[in-house]
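Here is the structure we will look at.
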Amino acid sequence: MDIQINYDYRKDELEKLPLHELTLFVLAREGRPDNTEVSISFVTDEAIAELNERYRRKEGPTDVLSFECDGAEDDLSAMTLAESPVYELGDVVIAPDVAGRQTREFDTTFEEEISLLLVHGLLHLCGYDHIEDDEAEVMEAREADILREWARR
């Protein structure tokens, strides 16, 4: 798996976290193929607010955005490296300043909040959503399961 992490913002804090390993963990749990490629970027509030406005028509910064490339609904069982050298899952963009503010709101650590946002963003790329209540329950349960497994490793 090819995981690109762009520490465009708050690099010193973020590169100490096991984000590469957590990404591998999530993608393996979700059955993504070995030729999966995903990028993760950490940006300022201003940068994520601009993306949020442009792509979601919502004003202000948000904590995480996901941009899918190859479809989450693709038949992965038939995919081989010979047929498709890269399965471009997509991009996850996280705002660490928003995560920092949320640590106070939710009584979490910075690492816990960043980990949750990363898992949340990756699950969106894997086809999960939370628009409807029943979808939200499924996605939140999956997030909790993955983070619990991650903590036990």
Side-chain angles (χ1 to χ4, degrees), residues 1-45 47-52 55-56 61-103 106 108-131 135-153:
M1 292 194 190
D2 184 15
I3 299 163
Q4 303 291 319
I5 302 179
N6 305 306
Y7 298 104
D8 296 331
Y9 184 63
R10 293 179 66 168
K11 179 180 180 174
D12 292 342
E13 297 165 87
L14 293 161
E15 69 181 353
K16 295 174 188 173
L17 304 178
L19 302 174
H20 187 270
E21 294 82 0
L22 177 55
T23 302
L24 286 172
F25 187 82
V26 173
L27 297 178
R29 293 301 175 282
E30 289 301 307
R32 299 296 107 176
D34 289 341
N35 58 336
T36 297
E37 179 181 278
V38 65
S39 78
I40 300 144
S41 298
F42 295 94
V43 300
T44 64
D45 279 4
I48 206 158
E50 182 181 319
L51 293 169
N52 201 24
Y55 294 103
R56 296 179 63 224
T62 188
D63 50 9
V64 61
L65 292 170
S66 299
F67 300 95
E68 185 182 323
C69 289
D70 288 337
E73 307 304 319
D74 291 348
D75 181 8
L76 302 180
S77 63
M79 185 176 286
T80 67
L81 289 174
E83 293 169 357
S84 180
V86 176
Y87 177 72
E88 295 178 6
L89 190 60
D91 306 303
V92 176
V93 182
I94 298 172
D97 289 345
V98 175
R101 291 190 296 274
Q102 290 178 172
T103 64
F106 301 121
T108 56
T109 67
F110 184 68
E111 181 174 356
E112 289 170 335
E113 199 64 29
I114 292 292
S115 297
L116 173 63
L117 295 176
L118 178 57
V119 171
H120 185 89
L122 291 169
L123 288 179
H124 272 305
L125 297 181
C126 292
Y128 291 82
D129 211 339
H130 50 79
I131 294 171
E135 293 174 330
E137 288 177 22
V138 170
M139 185 171 184
E140 289 168 11
R142 188 64 182 139
E143 286 171 357
D145 288 345
I146 288 172
L147 289 167
R148 198 171 17 260
E149 284 181 55
W150 175 249
R152 285 195 301 249
R153 71 180 185 349

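All values reported here derive from a predicted model rather than from experimental measurement.
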Spatial distance of atom [atom1] ([X]) from atom [atom2] ([Y]) [nearest 0.5 Å]:
X: Asn6; Y: Lys11; atom1: CG; atom2: NZ; answer: 10.5 Å
X: Thr44; Y: Asp8; atom1: OG1; atom2: CG; answer: 9.5 Å
X: Ser39; Y: Ile3; atom1: OG; atom2: CD1; answer: 11.0 Å
X: Thr103; Y: Leu116; atom1: OG1; atom2: CG; answer: 12.5 Å
X: Leu51; Y: Leu65; atom1: CG; atom2: CG; answer: 6.0 Å
X: Ser41; Y: Asp91; atom1: OG; atom2: CG; answer: 6.5 Å

Quiz item: With sequence neighbours excluded, what pairs up with Ala99 under the side-chain contact (heavy atoms from CB on, under 4.5 Å) test?
Solution: Phe110, Glu113, Ile114, Leu117

Quiz item: Run the salt bridge (charged side-chain N to carboxylate O under 4.0 Å, His left out) check on Arg142 and Glu30 step by step: do they pass?
Solution: CA-CA 10 Å; Arg142 188 64 182 139; Glu30 289 301 307; 2.6 Å; yes

Quiz item: Which is it for Thr108 and Gln102 under the side chain to side chain contact (heavy atoms under 4.5 Å, CB included) test, yes or no, and what are the steps along the way?
Solution: CA-CA 8 Å; Thr108 56; Gln102 290 178 172; 5.8 Å; no

Exercise. Given side chain to side chain donor-acceptor pair (under 3.5 Å), test Glu143 with His120 step by step and report yes or no.
Key: CA-CA 7 Å; Glu143 286 171 357; His120 185 89; 2.3 Å; yes

Within the 4.5 Å heavy-atom criterion, are [X] and [Y] side-chain neighbours or not?
X: Arg56; Y: Thr62; value: yes
X: Leu118; Y: Ile40; value: yes
X: Glu140; Y: His130; value: no

Quiz prompt | Face-on cation placement of Arg10 at Tyr7 ring, 6.0 Å and 45° thresholds | solution = no

Practice problem: Kindly confirm or rule out a cation-pi arrangement of Arg153 over Trp150, judged by NZ or CZ under 6.0 Å from the six-membered ring centre and within 45° of its axis? | Solution: yes

Quiz item: So, Asp97 and Tyr9: side-chain donor and acceptor under 3.5 Å apart, yes or no?
Solution: yes

Self-check item: Intermediate values then yes/no, side chain to side chain contact (heavy atoms under 4.5 Å, CB included), Val38 and Thr23
Solution: CA-CA 9 Å; Val38 65; Thr23 302; 3.9 Å; yes

Least distance between heavy atoms, [X] atom then [Y] atom:
X: Met1; Y: Ala28; result: CE-N, 4.4 Å
X: Val64; Y: Gly121; result: CG2-CA, 4.2 Å
X: Glu112; Y: Thr109; result: OE1-N, 2.8 Å
X: Asn52; Y: Pro61; result: ND2-C, 4.3 Å
X: Leu125; Y: Gly90; result: CD1-C, 3.8 Å

Quiz prompt | Verdict with reasoning, Leu89 to Cys126, per side chain to side chain contact (heavy atoms under 4.5 Å, CB included) | solution = CA-CA 8 Å; Leu89 190 60; Cys126 292; 4.3 Å; yes

Practice problem: Check step by step if side chain to side chain donor-acceptor pair (under 3.5 Å) holds for Asn35 and Glu37. | Solution: CA-CA 7 Å; Asn35 58 336; Glu37 179 181 278; over 6 Å; no

Practice problem: May I have the step-by-step check of side chain to side chain contact (heavy atoms under 4.5 Å, CB included) for Ile5 and Phe42, ending in yes or no? | Solution: CA-CA 8 Å; Ile5 302 179; Phe42 295 94; 3.9 Å; yes

